[in-house]
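Inspection log for the structure reproduced underneath, given as structure tokens.
A note on names: the letters A, B, ... follow the listed sequences, proteins ahead of strands, and every chain is numbered from 1. If you're wondering where the values come from, they're calculated on a predicted model, not measured in any experiment.
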2 protein chains.
Amino acid sequence: MSKEELKRVSDSKTTKSLKKGETIFGEGEKLNGVYCVRDGVSKLSKLSANGKDQIVKLASKGQILGQRSVIAEEKVNLTAVAVSDMEVCFIPKDSIVETLQTNPNFTMEVLRHMAHDLKEADDVIVNMSQNSVKQRMAAAFFYLRNSYGEDKNGFLNLILSREDISNIVGTATESAIRIISEFKKKGLIKTLGKKIGITDEKGLMGIVEEF
Amino acid sequence: MSKEELKRVSDSKTTKSLKKGETIFGEGEKLNGVYCVRDGVSKLSKLSANGKDQIVKLASKGQILGQRSVIAEEKVNLTAVAVSDMEVCFIPKDSIVETLQTNPNFTMEVLRHMAHDLKEADDVIVNMSQNSVKQRMAAAFFYLRNSYGEDKNGFLNLILSREDISNIVGTATESAIRIISEFKKKGLIKTLGKKIGITDEKGLMGIVEEF
DNA sequence: CCAATACTATGACATAAGTCAGATTTTGGC
DNA sequence: GCCAAAATCTGACTTATGTCATAGTATTGG
């Protein structure tokens, strides 16, 4: 993006603080802009017919929320809720559309990004349909570590409720808890309150790759 | 697209016929262009760790295969196999890239298309993780009818093997067969060889929406 | 600081769905 | 048309996972 464009986008931005648990936008809303995460983490989920949430994606610093619906000019299909305290900035639709129309490099960048997201979505579909809950749980811990890292004591930086974990994995909360207990008993992970840490990387990876 | 561009793309196209079962491209390949389906249907699947295929998408007339990997400049993550006899045309990468760079409208079109695909992928993820095999089977029949229609006798136009159906739904072939038998017994569908037809729309929709 | 509320944990049980084995039917190549 | 190979179907069984109940444990707001 050129300096001018950067300036224009920057000018049109308004930042907003959100407390953990607050909603950024909800399924079915019409967005007139996108949100850029400056700090904190958001969960993007979709309510299924049976009343359960499925978390499709987590978004943190630098990631954009709502671009799909703005680009496709459709209502949002996901609900975005803050998983931790957050700071987001809002970029109005017009600003996005104009930049898309005038800056081919930006557009290509968005395109590449979407292509990548689409590939990831395919992986999730296969993971969901072909792996056991145990495998998905183990994979989720690696995903969380890769994406958000761990603290000096070896606990995952991103602290999620057991319910959120179960909604990522797509299972009942009780099942998630049971599997956490089992992994703990086997020495694959450790817990401290809500905090979870991987202790036996190799063993846990073995679960992921089990067939 | 302008006439000139259309002509250039048209010139660079080469068409190719494929028999049912033939592979268009395989997971891990590097594509130097995309394929446009002129006739027939292709399944896009991904092999899971346990050796089972998961069909992520079906593509028919007018749809493009391989655009993701060409745009993201990554290896393909899916295998494309002909489900019926097909006719596809190949459009070289250069031609695509050039059009993307010179024609913003085309790029926006691709972008919108991808945004839509991404939304659909989210729906599939939720469907896979939150619905029972029975629900997914019922939903699959509606999907097939919406996408490919039915013949004058009320059978789905697209004829798939039970194995392909199970790979779409993400279940064991035996389970798919069992559920087909059950639906048939309940009068929800009818079968004739491989052919399947919806006979009780309301009843079948009831299964989809069951909770 | 305590009560109210939400979250975590565990047991008992029901059920959905996968696996294995074998029978029957269909299909395609010669 | 015939035979081998592939696909479909059904039964018996096992296992994974969800559901319901209940108890213990944190958190939070007043």
Side-chain angles (χ1 to χ4, degrees), chain A residues 19-22 43 48-54 81 83-85 127-140 155 159-186 189-196 207-208 210-211, chain B residues 19-22 43 48-54 81 83-85 127-140 159-185 189-196 207-208 210-211:
Chain A
K19 289 250 164 248
K20 176 176 165 180
E22 284 190 287
K43 60 177 175 184
S48 76
N50 61 44
K52 281 190 196 164
D53 259 353
Q54 173 67 38
V81 173
V83 164
S84 60
D85 290 352
N127 179 36
M128 284 294 175
S129 60
Q130 302 286 351
N131 296 134
S132 67
V133 173
K134 229 176 268 188
Q135 286 175 293
R136 284 182 270 150
M137 281 289 285
F155 289 104
I159 297 170
L160 295 169
S161 70
R162 306 289 138 116
E163 193 183 356
D164 279 341
I165 293 174
S166 73
N167 288 344
I168 290 172
V169 169
T171 188
T173 307
E174 295 94 320
S175 297
I177 290 174
R178 244 183 274 274
I179 290 171
I180 289 172
S181 298
E182 189 193 323
F183 285 178
K184 201 175 157 182
K185 214 170 283 169
K186 284 187 185 162
I189 61 172
K190 59 183 173 180
T191 68
L192 184 66
K194 278 184 203 273
K195 286 194 280 188
I196 293 176
I207 301 271
V208 176
E210 210 162 56
F211 69 98
Chain B
K19 289 252 163 245
K20 176 176 163 179
E22 284 190 288
K43 60 177 174 183
S48 74
N50 62 45
K52 281 190 194 163
D53 258 353
Q54 173 67 40
V81 173
V83 164
S84 60
D85 290 353
N127 181 35
M128 284 294 175
S129 60
Q130 302 286 349
N131 297 135
S132 68
V133 173
K134 228 175 268 185
Q135 287 176 293
R136 284 181 270 151
M137 282 289 284
I159 297 170
L160 294 169
S161 71
R162 304 288 137 119
E163 194 183 355
D164 278 343
I165 293 174
S166 73
N167 289 343
I168 289 172
V169 170
T171 188
T173 307
E174 295 95 322
S175 297
I177 291 173
R178 243 183 275 275
I179 289 171
I180 288 171
S181 299
E182 189 193 322
F183 284 177
K184 201 175 159 183
K185 213 170 286 169
I189 62 172
K190 59 183 174 181
T191 68
L192 185 66
K194 278 187 205 271
K195 285 194 278 189
I196 294 175
I207 302 271
V208 175
E210 210 161 58
F211 69 100

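A/K52 comes within contact range of the sugar-phosphate backbone alone, with a heavy-atom separation under 4.0 Å but no base atom that close. As judged by a 4.0 angstrom heavy-atom cut-off over every strand, B/T171 is placed among residues touching the sugar-phosphate backbone only.
First and last contacting nucleotides of DNA chain C toward chain A (any atom under 4.0 angstrom from a heavy atom, 5' to 3' order): C/dC7 to C/dA12. With a heavy-atom cut-off of 4.0 Å to chain B, the contacted part of DNA chain D has its first and last nucleotide at D/dA7 to D/dA12.
Formation of a donor-acceptor pair under 3.5 Å by the A/D85 side chain with backbone atoms of A/K20 is found in this model. Listed for the B/R162 side chain is no donor-acceptor partner under 3.5 Å among the backbone atoms of B/E174.
Within the 4.5 Å cutoff, side-chain heavy atoms of B/I207 are placed close to those of B/F183. Looking at B/S48 and B/Q54, their side chains never come closer than 4.5 Å, going by heavy atoms from C-beta outward.
Nearest heavy-atom pair, A/G21 versus A/V81, reported as atom, atom and distance to 0.1 Å: O-CG1, 3.6 Å. Minimum interatomic distance between B/I189 and B/I180 (heavy atoms only, all atoms of both residues): CD1-O, 3.7 Å. Smallest separation of non-hydrogen atoms from B/R136 and B/N131: NE-O, 3.2 Å.
Comparing A/K194 and B/G193 against DNA chain D, the residue whose closest nucleotide sits nearer the 5' end is B/G193. Heavy-atom distances to DNA chain C give each of B/E174 and A/T191 a nearest nucleotide, and the one nearer the 5′ end belongs to A/T191.
When the side-chain hydrogen bond (donor to acceptor under 3.5 Å, both in side chains) test is applied to A/K134, the partners found at least two apart in sequence or on another chain are A/E182. With sequence neighbours excluded, the residues forming a side-chain hydrogen bond (donor to acceptor under 3.5 Å, both in side chains) with A/S132 are A/Q135, listed by chain and number.
Helix bend of the helix from C/dC1-D/dG30 to C/dC30-D/dG1: the angle between its two end axes, each built from five pairs, comes to 60° after rounding to 10°.
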Solution key, residues 163-172 of chain B side-chain donor-acceptor pairs under 3.5 Å, sequence neighbours excluded:
| from | atom 1 | to | atom 2 | distance (Å) |
| --- | --- | --- | --- | --- |
| B/D164 | OD1 | B/K43 | NZ | 2.8 |
| B/S166 | OG | B/E163 | O | 2.7 |
| B/S166 | OG | B/T173 | OG1 | 3.4 |

